[in-house]
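A quick write-up on the structure given underneath.
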Amino acid sequence: MDVEPAGKRGEAQGSPPEEPACELPDGQKLDHSMFLELQAAFEEELKSREMLCQELGVVKVANQTLASQLKDAESRNVELETQIKRLKEQIEGMKAASEEGKSGLSFPVDPPPIPCPEQLCLTNSPGWTWGAPKRTGSP
């Protein structure tokens, strides 16, 4: 928007030199105080725009940082999901192998019985072991 001071053109048209005016491109005249107000408002808008551009730059940097962190987290998530799947498959394989008796590991189905007080005296007798059949005929 080109605004020419009316002091140069206005003098030719008969404006008093004490009250300088500006003439707008469409021919309207603008007094000096209004011109200064508009100029101050325009400068404020420029400052606001500059501050917004700076804030936008900060937000863009933060956005890039968060996007990078999200990408890393998603990558780690995929790795962990793959590891979980692999571990589940190993567990299933171990269960299947133990059910078929191929694992070589034997887990007791029932724990050994806890001896009664009468049986505790038998622990000192020779040949007594957990799970051994009870001796018959001895008190």
- Query: Donor-acceptor pair, S68 side chain versus Q64 backbone, under 3.5 Å?
  - Reply: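 Absent.
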- Is the count of non-hydrogen atoms from other residues, nucleotides or ligands lying under 6.0 Å from R49 atom CZ greater than 12?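 Incorrect, the count does not exceed 12.
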Euclidean distance, [Y] [atom2] relative to [X] [atom1], rounded to 0.5 Å:
{"X": "N77", "Y": "D72", "atom1": "CG", "atom2": "CG", "result": "12.5 Å"}
{"X": "E55", "Y": "M51", "atom1": "CD", "atom2": "CE", "result": "6.0 Å"}
{"X": "Q83", "Y": "R86", "atom1": "CD", "atom2": "CZ", "result": "5.5 Å"}
{"X": "D31", "Y": "F35", "atom1": "CG", "atom2": "CZ", "result": "11.0 Å"}

- Please test Q90 against L87 for side chain to side chain contact (heavy atoms under 4.5 Å, CB included), starting from the C-alpha separation and ending with a verdict. CA-CA 5 Å; Q90 284 180 352; L87 290 172; 3.6 Å; yes
Does some side-chain heavy atom of [Y] sit less than 4.5 Å from a side-chain heavy atom of [X]?
{"X": "H32", "Y": "L36", "value": "yes"}
{"X": "Q69", "Y": "T65", "value": "yes"}
{"X": "E50", "Y": "L46", "value": "no"}

- Yes or no on side chain to side chain contact (heavy atoms under 4.5 Å, CB included) for E74 and L70, after CA distance, side-chain angles and deciding distance? CA-CA 6 Å; E74 287 174 342; L70 177 62; 3.9 Å; yes
- Task: Determine, for E79 against R76, whether the closest basic-nitrogen to carboxylate-oxygen distance falls under 4.0 angstrom.
- Result: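 Yes, this pair counts.
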